Amino acid sequence: MTISRRHLLAASSATAAAGLLSACGSNTGRSDGGSGGPALSHWYHQYGEEGTEQAVRRYAKAYGKAEVSVQWRPGDYDRQTAAALLTESGPDVFESPGPNLDQIRGKQVLDLTELIEEVKDDYNPAVLAPKTHEGRIYGIPQVIDMQLLYYRKSLLADANVEPPRTLDELVDAAKKLTTRDVKGLFLGNDAGVGALGGTPLQAAGLELVTDDGKVGFDDPAAARTLGKIRQLYADKSLLLGAPSDWSDPAAFLQGLTAMQWSGLWALPAVQKKFGDDFGVLPFPKDGAGKPSVPVGAYGAAVSAKTRDKDAAKAYVKWLWVQQAAYQEDFALSYGFHIPARTSLAQKADKLKEGAAADAVRYATESGFPSQPLLWTPRNQTTYQDALSRIIKDGANPESELKQAVRKVRAELDRVKSK
Amino acid sequence: MSDRNTQQRHRTLWFWVFVGPFALGLGVFTYIPLLWSVYLSFFDAHNTVTPDPARDFVGFDNYAQMLNDSAFTDSLLTFVVFSLFIVPATFALSLALALMVNRLRRAQAFFRSVFFLPAACSYVVAALIWKMSIFNGVRFGLANTLLGYVDADSVAWLSTTDPPWHWLVIVTVRLWLQAGFFMILFLAGLQRINPQLYEAAAVDGAKPGWQVFRHITFPQLRATSVAVTLLLVINAFQAFDEFYNLLADSRGYPPYARPPLVYLYYTALGQGQNLGLGSAGAVILAVLIAVVTIGQARWFGLGRKDA
């Protein structure tokens with residue numbers, strides 16, 4: 001026997017995966033119509049913060065025109081939804097960091113433009129743009145998440161280091177802050193490959209992909225900037241192999257690192273532990289660029305396979321466009337996110353002072369879409385592979401980027417040709 | 001006459017009662033997906049398993065793209081490197097364990113069980129223990145604590161490509177998990193060797209130890225050794241769990257130590273959802289595995305009668 005079961009399972013496509021999913025998932029959350037109108041299932045990924053699940057169940061229950069059942073899905077959520085959208089037993093409404101371009105192109109999700117037509121200008125353009133394809137909107141932004149640099153004021157003062165304002169200063173600061181037991185900077189266990197993505201390019205005045213679908217980093221400045229991230233690694237200033245990754249503030253809280261790249265969601269935990277002894281910064285600029293913070297948003301999308309399209313759309317509009325009180329509660333009562341509606345973000349008291357106020361300012365002034373719609377998963381793999389080789393293996397940034405540019409251009413051509 | 005007919009019918013009935021469910025499962029979960037995957041490999045099947053036969057047909061484009069993809073060819077190389085480490089290492093370790101346990105006069109059953117026990121542990125659980133507690137990169141990881149005693153710097157095991165420390169983690173976890181199982185196979189082989197051979201060797205003046213092992217034990221274990229080697233290579237082809245759990249994070253997988261199955265997983269089943277391209281990769285891989293296994297069987301003379 002030459003082919004193993006596992007091999008087949010992995011290799012032989014989603015027929016098996018989809019079959020399995022529908023087999024285990026006969027409880028898809030749809031029930032056959034209750035008293036309150038059509039049945040809808042609504043999927044969320046598992047949020048880490050306590051109370052979020054109860055909150056979304058409460059919102060769903062409050063909706064009068066359909067029986068909405070919430071599914072709270074732990075595990076690799078993006079892959080679960082990708083597979084479930086191929087089947088009849090997927091969700092009606094689901095939250096998604098996308099929807100991504102191939103899902104839109106494949107007509108797996110419905111056009112939701114009309115739901116937010118009137119209030120479109122109230123959304124931060126950096127989060128609405130990646131959900132817009134050819135002028136149509138496919139996801140309603142729920143909350144804005146952003147990434148930023150945390151630093152310990154006292155550790156920087158002890159080492160006589162100013163908060164870094166340029167990438168060169170960051171490299172120097174991280175080196176000075178590194179001692180035997182504490183590293184200078186934590187960018188993730190993969191040395192920043194995944195977490196940073198296009199952020200250093202943005203800080204150098206470049207980008208992953210331009211609005212009209214061209215490669216945005218075919219420029220000598222890109223190699224120079226990425227070479228500086230390599231410098232951080234070569235200096236041994238980076239924390240690597242921490243028990244939890246960059247998205248969790250644990251390494252920063254445990255004193256394993258003096259600075260950490262993480263998300264706004266970590267702010268309450270950091271504040272609780274360090275009080276005033278911390279500050280936040282955007283990713284520092286390099287050369288002719290400007291400071292940058294990546295912003296993204298989970299959006300509510302509607303599956304094209306839903307049985308009652310109008311009911312699903314009406315529910316999404318009710319929850320994520322009309323119910324301002326729920327949106328604010330969802331953004332700020334459990335985790336820590338910026339409400340997607342600018343009018344709500346400006347009203348929120350929690351975002352008016354201290355580090356939180358700084359963060360909101362960075363998001364408005366320096367926010368850029370962390371995941372442009374044209375940046376397909378294939379492009380991401382290509383770029384991250386190159387970035388990893390530059391940072392960890394010390395590969396020549398120019399030749400690595402040249403190869404990546406060639407591959408990305410081919411993929412962008414595929415995407416545009418359809 | 002009719003009696004025999006009834007008997008025949010009964011036998012047919014029972015044949016299907018026993019074989020039917022298995023054959024059905026094999027068909028539904030193995031052969032149909034296999035053939036479907038071959039079918040998909042000729043289509044541009046992004047986010048769909050039912051491409052439009054007229055519009056999406058691309059011929060051999062997916063195959064050409066896959067074979068020209070340096071990430072895929074690198075992954076094949078990764079697999080070769082991995083096999084070169086893991087197959088001889090497991091072979092040697094499990095044989096050594098078997099020889100030692102076989103010589104024990106007391107508590108043999110105890111040691112046999114102790115060495116076999118890791119085989120009962122899940123790859124996922126073991127990989128997580130290796131990653132989070134033994135080989136994590138901070139000062140309180142087990143490996144780094146030991147390094148700390150000799151005043152060496154902490155090593156970020158899984159993140160270091162030069163020297164390639166990540167291989168140490170990947171190889172040791174599999175070694176720990178599978179050595180015990182193959183030890184049992186070798187033990188069974190050792191116990192089948194006729195004791196008279198050893199007596200004859202002693203009479204002829206062979207020195208116990210290396211000489212006896214070299215000329216009696218090892219040649220007598222030939223059938224077991226061939227089976228173990230084949231199983232080890234097939235196991236290495238299937239490697240996915242420990243790689244994925246050791247090295248993947250929420251943003252993807254690093255470009256090093258990425259075996260073919262992990263790469264195809266990201267292409268086809270991950271966010272990529274390029275099922276056509278992934279299927280083409282799977283077919284290429286299946287053909288390679290078939291060729292290698294047939295070649296190996298020929299080379300070792302598997303199934304040939306022992307002379």
Side-chain angles (χ1 to χ4, degrees), chain A residues 1-19 76 78-79 82-83 85-86 98 100 102-103 105-106 108 180-181 188-191 193-195 197 236 238-243 245 247 251 254 256 376-378 380-382 384-386 388-389 392-394 403, chain B residues 28-30 32-34 36-37 40 45-49 70-71 132-133 135-139 141 153 155-162 234 237-238 240-241 249-256 261 264-275 278-279 281-283 285-286 289-290 293-294:
Chain A
M1 190 64 200
T2 55
I3 298 164
S4 73
R5 276 171 302 149
R6 196 184 300 143
H7 169 71
L8 266 174
L9 193 69
S12 68
S13 86
T15 15
D76 198 339
D78 294 342
R79 277 181 247 289
L85 287 180
L86 297 171
N100 70 38
D102 283 307
Q103 284 170 346
R105 283 276 174 72
Q108 294 186 308
R180 196 183 154 85
D181 288 337
N189 285 328
D190 58 0
V193 174
K236 296 190 187 295
L238 293 180
L239 174 66
L240 298 163
D245 216 346
S247 57
Q254 289 164 5
L256 296 173
T376 59
R378 192 164 178 78
Q380 184 161 332
T381 307
T382 306
Q384 288 193 2
D385 284 3
S388 175
R389 283 190 284 260
K392 290 190 181 173
D393 304 350
Q403 276 184 40
Chain B
V28 170
F29 292 112
T30 302
I32 293 177
L34 183 76
W36 198 263
S37 165
L40 278 179
H46 274 86
N47 294 51
T48 178
V49 286
S70 60
M132 315 244 264
S133 67
F135 285 108
N136 75 31
V138 294
R139 57 178 187 270
D153 279 339
V155 174
W157 302 95
L158 282 165
S159 306
T160 311
T161 52
D162 180 29
I234 290 172
F237 264 122
Q238 298 177 349
F240 176 86
D241 305 19
D249 61 36
S250 57
R251 296 295 177 106
Y253 193 95
Y256 53 89
L261 283 190
L264 293 178
Y265 171 76
Y266 276 99
T267 306
L269 301 179
Q271 281 259 292
Q273 289 284 317
N274 189 345
L275 299 163
S279 299
V283 172
L285 196 62
I289 296 175
T293 313
I294 291 170

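Just so it is clear, the structure is predicted and the values come from calculations on it, not from any experiment.
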(request) Kindly write out the residues that satisfy side-chain hydrogen bond (donor to acceptor under 3.5 Å, both in side chains) with N100(A), not counting sequence neighbours, or none if the list is empty. (result) none
(message) Among L256(A), D76(A), D245(A), which residue has the highest count of heavy-atom pairs closer than 4.5 Å to chain B?
(response) L256(A)
(request) Look up atom CG in N189(A) and atom CG in N136(B), then write down how far apart they are to the nearest 0.5 Å. (result) 9.0 Å
(request) Check each atom of D249(B) against the heavy atoms of chain A and say whether the ones under 4.5 Å are side chain, backbone, both or neither. (result) side chain
(request) Starting at NE2 of H46(B), measure out to CZ of R378(A) and round the result to the nearest 0.5 Å. (result) 8.0 Å
(request) Of all the heavy-atom pairs spanning R251(B) and Q384(A), show the shortest one and how long it is. (result) O-OE1, 3.0 Å
(message) Less than 3.5 Å apart, any donor N or O on the side chain of T161(B) or D393(A) sitting next to an acceptor on the other?
(response) yes
(request) Side chain from CB out, backbone as N, CA, C, O: work out which of these in A251(A) comes under 4.5 Å of a heavy atom of chain B, or both, or neither. (result) neither
(message) Tell me every residue that passes salt bridge (charged side-chain N to carboxylate O under 4.0 Å, His left out) with D162(B), counting only those two or more places apart in sequence or in another chain.
(response) none
(message) Rounded at 0.5 Å granularity, tell me how far CZ in R79(A) sits from CD in Q273(B).
(response) 9.0 Å
(request) Could you tell me which portion of F135(B) (side chain, backbone, both or neither) has an atom closer than 4.5 angstrom to a non-hydrogen atom of chain A? (result) neither
(request) Would you tell me whether Q103(A) and N47(B) have side-chain atoms, one donor and one acceptor, within less than 3.5 Å of each other? (result) no
(request) Would you give the length of the straight line joining atom CG of L240(A) to atom CG of L158(B), rounded to the nearest 0.5 angstrom? (result) 10.5 Å
(request) Mind listing the closest non-hydrogen atom pair of G241(A) and S159(B) along with its distance? (result) N-OG, 4.0 Å
(message) Given heavy-atom pairs under 4.5 angstrom as the criterion, report whether the side chain, backbone, both or neither of D153(B) touches chain A.
(response) side chain
